[in-house]
Structures are given as structure tokens and as C-alpha cells.
Protein chains: 2
Amino acid sequence: MIANKNYVIRLSNYRNALKRFKKLGFIRVFSDNLADAVGVSSSQVRKDFSLFGITGNKKGGYQVDELTKKIDSLLGKDRVQSVVLVGAGKIGKALINYKAFEPEGIRIVAAFDIDEKEINRKTPIPVLPLDDLEVYIKKNKIEIGIIAVPENVAQSVMDTMIEAGIKGVLNFAPIHLRGNDDTVINNANLRLELENVIYFVNALGKTKRKR
Amino acid sequence: MIANKNYVIRLSNYRNALKRFKKLGFIRVFSDNLADAVGVSSSQVRKDFSLFGITGNKKGGYQVDELTKKIDSLLGKDRVQSVVLVGAGKIGKALINYKAFEPEGIRIVAAFDIDEKEINRKTPIPVLPLDDLEVYIKKNKIEIGIIAVPENVAQSVMDTMIEAGIKGVLNFAPIHLRGNDDTVINNANLRLELENVIYFVNALGKTKRKR
DNA sequence: TAGATTGTTAATCGATTAACAATC
DNA sequence: TAGATTGTTAATCGATTAACAATC
């Protein structure tokens, strides 16, 4: 399996670039075009494609439509991805209202919260009691979950999800979650992202002053 | 300058581990202890420290307090980091209420929004008109900014920030922002994070079925 | 002193880039 | 055909790991 996160990010970048080429009326693109658009080398583009089993035509490049379709399939864009969200707090609500998901085929089908006041079955994305989570996942065969609950309950939510058959989790809780070997865990630690910015600003500032 | 994001993440992990060792009453730790706690090799720990100019004592390991202090300083934890937030929508509000910032010395000092209805100078973190952004940054010498506005206005906010002297940006808008060479940009693309999970779940699922 | 741990150098591993034969 | 582009192999680059001399 392709193990590196960067491959997937590049794949997604190629996809965005392809959309733009399509809009400009391109029927086919060369590895050079994509490389320029995404900011990588053309070797990288061809290497990536070869890795994912994508082939083009020598001299003819890649058909935009065909290539788009192949990348869509790799990224699971050829079908709607149903996702459950646990935690209807501030981050949970932001995700429920996040507009970049739906047009990309990602659908949060239900949210869950332990707080009775948050429960609401009438909203487009219903907010259900946390106790219903396991049954819901099993019944609807959901594979992807988002954890947006406080640190101290994140692991127990994770355990429930795995028990119910979830295969991949995006975790917003600032804690290292334990899964099993079959579970993909991706941590979105907002504090860490900001700390990264802070570190590099400080480091850059220091080298500058030294010059 | 240390260019790799992973170094900073590991540094932050060492820091968390150190806090736990401290709680357990450790006065000093060995590279082996830290390696176990963080899940890297002890070579890596020592290599990282050597890179950041951190030295220990042969045989004696590292003093927990001293080491913590050094890492704190590298990560800018020895002082409060003031940050401005632009965009008081769903994500913006989630960040305003994000509890993991303040105890780590990250303070959102003001938020800005273009929508009059969102303006509120009385809240602990005031929400001010977008027009005041540039003056505010300059007056308070803010170096770090968070962009949580819609895609179509993100670049113009970025431009204003740079104009005003911002040195680092955490960007939540799903778009590639252009800065200049002195500006650190870190993109927190939530959709991309979720797409990563989806990709690996699909890829893992396929290899499994093949077995 | 004997044993253990650092700090650094060398070896390995993995990812990116360059080069070029195949070929359209 | 001549020229251009792919797909892949080899070379390079960078990051991680192993090994070990220095030394506490």
C-alpha cells in the first residue's frame, strides 16, 4: 500500500489542477503542465502516476477526463463517503457547517453528542444521543468517523467506533488515540499546527537578526 | 534553520512526555526514556537534541527541568504568543473557544469580521471590524495570524496581514495562499485531512480483500 | 574501576530528481 | 521521419538508525 501522506496530498493537488485545466478547455495534459500547476517536478508527477498504476500516452500525455476519473477513483470520489461525527460542540458545529465537504462527496450523515440539549433529529444533519452511536454505525455500515469531543472522552468514543466497525478516524482531540492495526487514525491537532507556525516565525526571526 | 515540520512535532511530543515524567517525580531522563514515551528511536532523540543545540550529561542523561526549559524556549513557550484571528464564522468561533490554546501560552487577542452583526467589543476576545485589522496588527506588533474566512476573500486578508507585518499564518481556507519569502504559511485543510483518512481506508480495504 | 549513556560519525533507508531508452 | 513525451532505471538528496569512541 502507498504509505505516505504526501502522495495523497499531491494526488489531491493534481486533481484540483486538472479541474482548472478542464475549465480552460484542455483535452489532454502533459506531466510538465501538471508539475508547473502543482509546484513539483515532472519526474515526480510521472513517478506518482506510475506508482498508482496510472498510464498515459508517450507523446500524447494524459487525457484530462480519463485521468480525473482515475484519481477520483483512487481518492474515493466516485461515490459518496458517509461519515459520522461525534461531538456537537464548537468544532463539531463548524464541521457540520463546513461547506467544502458536500461538493467533494463527503457527507456527514449524523452527529452524536452526550448533551441532551444538543440533540435534534429535525436538522438536515441530525444530532443524535451518543448512546445510539454504535447501533447507527453498524446499521448504516459507516466506515469513517470524526472525533470532536473533549480530550477525556476521546478514547472511549474511539473504542466504541472501532467496536462498531469504523475503519478510519479523523481526530480533533489533542490526545494520542489508540486504535488497532486495521484502523487509520489521522490527528488534526490545531494547537500543534499553530505551534509550528510560531516555531518557524521565531526561528526565521533569529536567523534574520544574525545576518 | 530547521526546515522540517516533523522536528517541531517531535519537539512538542518530547515536551509532553517531559511533563508526564515530571509528574512521576523524575529529576532526570535518558534518551531511552523519551524515545519510549514518544515512540521514536533513542538515536533520534539525541540527534534531534544535538540539532537544536541541547546537550545532556554523559551517563547522567538530561535534567527534566532544564530540558523542559530549553524546549519551551525553542517553541516560544517562555512567553505569551499573541495571535489575531480573522473570520468569526463557525471555524473562527470554534477557535475562539478552543481550550487548548490558553494553557499553552497561545492567546487570541482579537478577532475580526466583515459582518457587522458579529462585531462585539465586550467579549473576552473582542470581535472587531475587518477594516481595523491592519491598524490593530501594527499598533500591537502582532506577528501571528489565523485565517478562517471564506475562500474568495482569504488572499486579500493575507495581503493585508503581510502589509501590516504579520510573519506567520495558519490558514483554514481551502486555497493555496501566496505570501512572501519572510512569511511562514501553514495550511490546515480539514477536507484534505479527511480525504487522507478515506484514501487509506479504501487502500487498506483493497489489500485486505486481496489476501 | 566497570558499566552506562551521550554525542557524533558512518550506514541505511526512503523519497525525490535526473537521465534516457522506448515509442508515439 | 524528426521531435517530444512517457515510463523506468540510476543517481542524488535528506532523514533515520546503528554503531561506537569519549567520558562520566
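Everything numeric in this text was worked out from a predicted model, so none of it was measured. The sequence lines fix the lettering, A, B, ..., with proteins before strands; numbering per chain opens at 1.
The NZ atom of A/Lys5 sits 15 Å away from the P atom of C/dT16 (whole-angstrom rounding). Taking atom CG on A/Leu67 and atom C1' on D/dT6, their separation rounds to 13 Å, with Å as the unit. A straight line from CD1 of A/Ile54 to P of D/dT6 spans 13 Å, rounded to a whole angstrom. The separation between A/Gln44 atom CD and C/dA19 atom P is 16 Å, rounded to whole Å. A straight line from CG of A/Asn57 to C1' of D/dG3 spans 17 Å, rounded to a whole angstrom.
With sequence neighbours left out, the salt bridge (charged side-chain N to carboxylate O under 4.0 Å, His left out) criterion links B/Lys69 to no other residue. For B/Asp36, there are no side chain to side chain contact (heavy atoms under 4.5 Å, CB included) partners, not counting sequence neighbours. Every side chain to side chain contact (heavy atoms under 4.5 Å, CB included) that B/Ala17 has, sequence neighbours left out, goes to B/Arg20, B/Phe21, B/Leu34, B/Ala37, B/Val38. Under the salt bridge (charged side-chain N to carboxylate O under 4.0 Å, His left out) criterion, A/Glu151 pairs with no residue at all, not counting sequence neighbours. Scanning for side chain to side chain contact (heavy atoms under 4.5 Å, CB included) contacts around B/Lys47 gives an empty result, with sequence neighbours left out. With sequence neighbours excluded, the residues satisfying side chain to side chain contact (heavy atoms under 4.5 Å, CB included) with A/Glu193 are B/Lys5, B/Leu170, B/Asn186.
Near DNA chain C, meaning a heavy atom under 4.0 Å from it, residues 18-42 of chain B has B/Phe30, B/Ser31 in order of number.
Identified under the ring pair (Phe, Tyr, Trp, His ring centres under 6.0 Å) test for residues 135-172 of chain A, with sequence neighbours left out: A/Phe112-A/Tyr136. Judged as a ring pair (Phe, Tyr, Trp, His ring centres under 6.0 Å), the pairs with a partner in residues 75-98 of chain B (not counting sequence neighbours) are, in order, B/Tyr98-B/Phe101.
Positionally, the nearest nucleotide of DNA chain C for A/Asn6 lies more toward the 5' end than for the other of A/Asn6 and A/Gly60.
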Return the polar atom pairs (N/O with N/O) between nucleotides 20-23 of chain C and the protein under 3.5 Å, or none.
none

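For the strand DNA chain C, secondary-structure stems (runs of at least three Watson-Crick or G-U pairs, all distances below 3.5 Å) span C:3-24 with D:3-24.
For A/Tyr14 and A/Phe49, the gap between ring centers is short of 6.0 Å.
Among the atoms of the strands shown, only primed sugar atoms or phosphate atoms (P, OP1, OP2) are found under 4.0 Å from some heavy atom of A/Tyr62. Backbone-only engagement by B/Gly56 is indicated by non-hydrogen atom pairs under 4.0 Å involving sugar-phosphate atoms exclusively. If you check every strand for non-hydrogen atoms under 4.0 Å, B/Gly61 touches sugar and phosphate atoms only.
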Heavy-atom protein contacts under 4.0 Å, nucleotides 9-14 of chain C, coded B base, S sugar-phosphate only, - none:
B-----

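Contact of the A/Ile146 side chain with the B/Val197 side chain is not registered, since no non-hydrogen atoms from C-beta on lie closer than 4.5 Å.
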